[in-house]
Amino acid sequence: MTVRPQLDLELRGIRKRYGDFTAVDGVSLQIAKGQFVCLLGPSGCGKTTTLRCIAGLEEPDDGDILIGGTEVTRDPPWQRDIAMMFQDFALFPHMTVARQVGFGLEMLKKPRAEIAKRVSEVLAAFEIGALADRKPASLSGGQRQRVALARAMITEPRILLLDEPIGALDYSLRETVMLELKLLQQRTGISFIWVTHDQNEAFSLGDLVVVMNHARIEQQGPAAEILQKPRTAFVASFVQGNNVFRGRVVGTSGDGLVQVETTAGRFLVPREGAPLPFTGEDVSFSVRAEQITDLPSEQQPNRLAARCTAVEYFGAVRRHIFERSDGEVLKYDQFGAQAGRIVPGQTVQLGWAVEDSVLHRAAPA
Ligand code: ATP
């Protein structure tokens, strides 16, 4: 008999409509114990609505929600083993930090002595003991964030839901706070579900990254998989550094290669896990900017000429922006010592190895 490890959260076909508009459309997700999950996607794709359904702040029209193996779809928030932290932190303006942090235990009607003890432990753990008697108006953004987190964590929930939790912080603080939160999550073993539209946050924090678009999940998996093997043209273009090509299949070979005709030329792409496309089918594929070379060999089948229009720097990366013959943009990244050979205005032969291109599994939208 196989024993199924208990999941912290399971969503089965969640659907949420507002009038005629579908905000969440059949979202299914399984979150194992103690995972750090990031819901990533553009504004309006349904991330927050999904989170609010998990929290019990919205009731889905269809589908089931299970927390720790128990169905909670229609249970109120306080009967779910969760806590939530909002972007604006939603602190109570009139309450001191100590009262604020103990509020969840007060709601659970815990004895006063126990609340006082737990509050002082949690304030110490979050290094905000000195702020115990202050009110939110006198705190900095970083301090408010700690108070909100301490308040959420004091009940030791199974799952912590975080909606853009560092969006309100100064840019300079974000990296430190992200690291602290990641360590806290690992130490406590509480599952974090973190909503963000910022891919850097999602890729550096998430054990599991769930990419949403138009109310649905487009792809879910570890960060490396989403970066290296985007399943759809949407995921490839949403993730920084991909070059997306759209075209039509003009041939397939027995060794798993697909020939695609695009407005920029014909290219060979490995089929890999994608279904075998038929000749004439519309497909898309992508190549990462760092996989492009400006010294393609004569034998390399994937080559094109393009004109450099700009050069940008991202830390040690030198990104060249090219205009393809069909007017589309192509990005090519060079690192460190390689840098410094191509200048704007120059037309260059570019290419990439067949195995560095990824055929998308769904027909392009
Ligand atoms: P953002 O990153 O901008 O917060 P999101 O991915 O979290 O976006 P949601 O807040 O889940 O998106 O919203 C999804 C869609 O549902 C949006 O088009 C939004 O306008 C709509 N929506 C959300 N709540 C309501 C509501 N109460 N009534 C009507 N439409 C709503």
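Order of listing sets the numbers, starting from 1, for every ligand and every atom in it.
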Legend entry - Identity and distance of the protein heavy atom lying nearest atom 23 (C) of ligand 1: Tyr18 CE1, 3.5 Å
Inset, instruction - Return a yes/no value for Cys45: is any of its N or O atoms, backbone included, closer than 3.5 angstrom to an N or O of ligand 1? - result: yes
Legend entry - Heteroatom distance test (Ser43, ligand 1): nitrogen or oxygen, under 3.5 angstrom: yes
Legend entry - Atoms in ligand 1 with a heavy atom of Thr48 nearer than 4.0 Å: 4 (O), 5 (P), 7 (O), 10 (O), 11 (O)
Inset, instruction - Hey, could you give me the CG/CD1 distance between Leu108 and Ile115, rounded to the nearest 0.5 Å? - result: 8.5 Å
Inset, instruction - If you have a sec, work out which protein heavy atom is nearest atom 5 (P) of ligand 1 and how many Å separate them, to one decimal? - result: Gly44 N, 3.5 Å
Legend entry - Location of contacts on Lys47 toward ligand 1, heavy atoms closer than 4.0 Å: both
Inset, instruction - Using modelled atom types only, decide if a donor and an acceptor are shared between the side chain of Thr73 and the backbone of Ile65 within a distance under 3.5 Å. - result: yes
Inset, instruction - Please determine if Arg99 forms a cation-pi arrangement with Phe92, meaning its NZ or CZ atom is less than 6.0 Å from the six-membered ring centre and no more than 45° off the ring axis. - result: no
Inset, instruction - Please confirm whether Gly46 comes within less than 3.5 Å of ligand 1 when only nitrogen or oxygen atoms on both sides are compared. - result: yes
Inset, instruction - Number the atoms of ligand 1 from 1 as they appear, then name those within less than 4.0 Å of a heavy atom of Pro42, with their elements. - result: 6 (O)
Inset, instruction - Could you say whether the N/O atoms of Phe21 and ligand 1 ever approach to under 3.5 Å? - result: no
Legend entry - Phe245 and Trp352: CA distance, side-chain angles, deciding distance, ring-ring contact (aromatic ring centres under 6.0 Å, His included) verdict: CA-CA 13 Å; Phe245 293 80; Trp352 58 89; 5.3 Å; yes
Inset, instruction - Give a yes or no on whether the backbone of Lys331 and the side-chain of Asn243 come within a donor-acceptor separation of less than 3.5 Å. - result: yes
Legend entry - Gln199 (side chain) donor-acceptor with Phe238 (main chain) under 3.5 angstrom: yes
